[in-house]
Amino acid sequence: MDAHQPCPSQCGHRTTKPRAGNRVRKTGSAVRWTALSDDANFATSNNCYVREIDGAKLNGQTPEHSPHERWTPWQPRANGRKLRLYCLPHAGGSASAYLGWMRSPLADTVEICPVELPGHGTRIRERLVTDLPALVARLRAGLFADEPPGGEQPPFAVFGHSMGASIAYELVRQLITDGGPRPVRLIVSGARPPGSPIDRVLHTLTDERLLGWLADLEGTPREALAHPELMRLTLDRLRGDLALTEMWRPPPSAVDCPVTALGGVGDPIAGPEWISRWSAAAAGGFGSHLFPGKHFYLHEAPDEVLAQIIGVLSDVTDTSGATP
């Protein structure tokens, strides 16, 4: 079997996949094989593992080239006034979870910008950040640092799923509170609103119990759960991400921005009753929509979810793909 086959997710890499139960292939000190997405669900379902080379360019870019590209390594800067949608991943996930959306013909009026967090995906060698406000402060600086001072900020919206929803909310809250660039809309998915009670503290669970919780979500294929080394790497990041949200104490305030909340009707973490409660966090208008499925409903019907998102942003975009 050719160990370097085209990536099924069309990311441009040559790929391989270690068999379940085997060690991830390592070739010398400068090269190692790692999942394209540190989200085991995305990585195994797309059969996609990439070769990661120290100091080399990744996907034609050097993530450290600019602050913006470090946080959005999969997306080159767009020209013109096309609306950007910054997409934040769930706990344990990475920017590559949104590559399908980025390349979808449905997104002809919106520039999908998957966000990469420290310690994940293309930034795997960086230390995880487990303080949410501190992470968001760095994210703000990274996304908007290279905009011209006093210049016109291209229109943008922010989307986040699960953990990403908490980060997205805090990002929008900080931007509006501090008089920064204002998003046209906040879109949250698969998450309880800020200030909701925590039924169970997860980041302190043993590996065995955390794996059991992960399996119960039905978002991770069995072959990934059966791969010890992949799961070890995944659990380390997952535990850090869970601590990020479980230790967060958001201020009791609503954002002066339109908010759309999405969820799965069978989500055991954030069911319909929690999705509707996001209305209390929205001072600029609120809407919601439910999809069939559980916590990872958006993986089951990505086109339908993206179409819904494009629809709620249609008041900002026009049929030509430019914004007024």
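Position 1 is the first residue of the sequence; numbering continues from there.
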Can you see which heavy atom on Asp267 is nearest to which on Gly190, and at what distance?
OD2-CA, 3.9 Å
Can you name the closest pair of heavy atoms from Ile275 and Leu262 and give their distance?
CD1-O, 3.3 Å
Answer with yes or no whether the hydrophobic clustering places Val129 together with Ile167; edges join I, L, V, M, F, W, Y residues whose side-chain heavy atoms lie under 4.5 Å apart.
yes
Nearest 0.5 Å please: distance from the CG atom of Asp256 over to the CZ atom of Arg173.
13.5 Å
Please tell me if the side chains of Pro258 and Val184 come closer than 4.5 Å, counting only heavy atoms from C-beta onward.
no
Using atom types as modelled and distance alone, determine if a side-chain donor or acceptor of Arg237 lies under 3.5 Å from a backbone N or O of Ala91.
no
Same hydrophobic cluster for Leu205 and Leu235, using side-chain heavy-atom links shorter than 4.5 Å among ILVMFWY?
yes
So, taking the atom named OG in Ser162 and the one named CG in Leu242, what distance separates them when rounded to the nearest 0.5 Å?
8.5 Å
Using the test side chain to side chain contact (heavy atoms under 4.5 Å, CB included), find all partners of Asp303 that sit at least two apart in sequence or belong to another chain.
Ser104, Leu106
Least distance between heavy atoms, Pro292 atom then Val265 atom:
CA-CG2, 3.9 Å
Just verifying a value: how many Å separate Arg185 CZ and Ile187 CD1, rounded to the nearest 0.5 Å?
7.0 Å
Set of side chain to side chain contact (heavy atoms under 4.5 Å, CB included) partners for Ser276, sequence neighbours left out
none
Got Leu171 and Arg140 here, is their nearest side-chain heavy-atom distance under 4.5 Å?
yes
Tell me whether the count of non-hydrogen atoms from other residues, nucleotides or ligands lying under 6.0 Å of CD in Glu208 goes above 12.
no
Ring centres under 6.0 angstrom apart (His295, His161):
yes
Are Pro118 and Leu135 close enough that some pair of their side-chain heavy atoms sits under 4.5 Å apart?
yes
Is a side-chain donor or acceptor of Trp278 paired with a backbone partner of Val259 at a separation under 3.5 angstrom?
no
Evaluate the side-chain proximity of Lys82 to Thr109: yes if any heavy-atom separation is below 4.5 Å, no if none is.
no
Contact summary for Leu186 and Val172, nearest pair of heavy atoms:
CD1-CG2, 4.0 Å
So do the side chains of Ile112 and Leu306 get within less than 4.5 Å of each other, counting heavy atoms only?
yes
Taking the side chain from Trp74 and the backbone from Val115, do they hold a donor-acceptor pair closer than 3.5 Å?
no
Closest heavy-atom pair, Gly92 versus His120, reported as atoms and distance to 0.1 Å, is C-CD2, 4.3 Å
With a 3.5 Å distance limit and no angle check, can you tell me whether Arg84 reaches the backbone of Val110 through a side-chain donor-acceptor pair?
no
Okay, side chain of Tyr98, backbone of Leu88: is any donor-acceptor separation there less than 3.5 Å?
yes
Is the closest basic N to carboxylate O distance between Arg70 and Glu126 below 4.0 Å?
yes
Pair Phe291 and His289, ring centroids less than 6.0 Å apart
yes
In Å and rounded to the nearest 0.5 Å, what is the CH2 to OG1 distance from Trp248 to Thr130?
15.0 Å
CD1-CZ distance between Ile198 and Arg192, expressed to the nearest 0.5 angstrom
9.0 Å
With no hydrogens and no angle check, is any side-chain donor or acceptor of Glu116 less than 3.5 Å from a backbone partner on Pro73?
no
For residues Glu111 and Met102, determine if any side-chain heavy atom of one lies less than 4.5 Å from a side-chain heavy atom of the other.
no
Determine whether Ile269 and Leu211 fall in the same hydrophobic cluster, where Ile, Leu, Val, Met, Phe, Trp and Tyr are linked whenever their side-chain heavy atoms lie under 4.5 Å apart.
yes
Hydrophobic cluster identity match, Leu128 and Leu244, side-chain contacts under 4.5 Å
no
Tell me whether Arg123 forms a cation-pi arrangement with Trp71, defined as NZ or CZ under 6.0 Å from the six-membered ring centre and within 45 degrees of its axis.
yes
Please find the pair of heavy atoms, one from Ser288 and one from Phe286, that lie closest to each other, and give the distance.
CB-CZ, 3.9 Å
Below 4.5 Å, heavy atoms only, C-beta onward: do Met163 and Leu117 meet side chain to side chain?
yes
Distance from Ile309 atom CD1 to Ser314 atom OG, nearest 0.5 Å?
12.5 Å
Test item: side-chain donor near acceptor, Glu170 and Gln174, under 3.5 Å
yes
Under 3.5 Å, is there a donor-acceptor pair between the side chain of Arg125 and the main chain of Thr122?
no
Who passes side chain to side chain contact (heavy atoms under 4.5 Å, CB included) against Pro181, sequence neighbours left out?
Phe144, Gln153, Phe156, Leu175
Can you find a heavy atom in the side chain of Tyr86 that is under 4.5 Å from one in the side chain of Pro114?
no
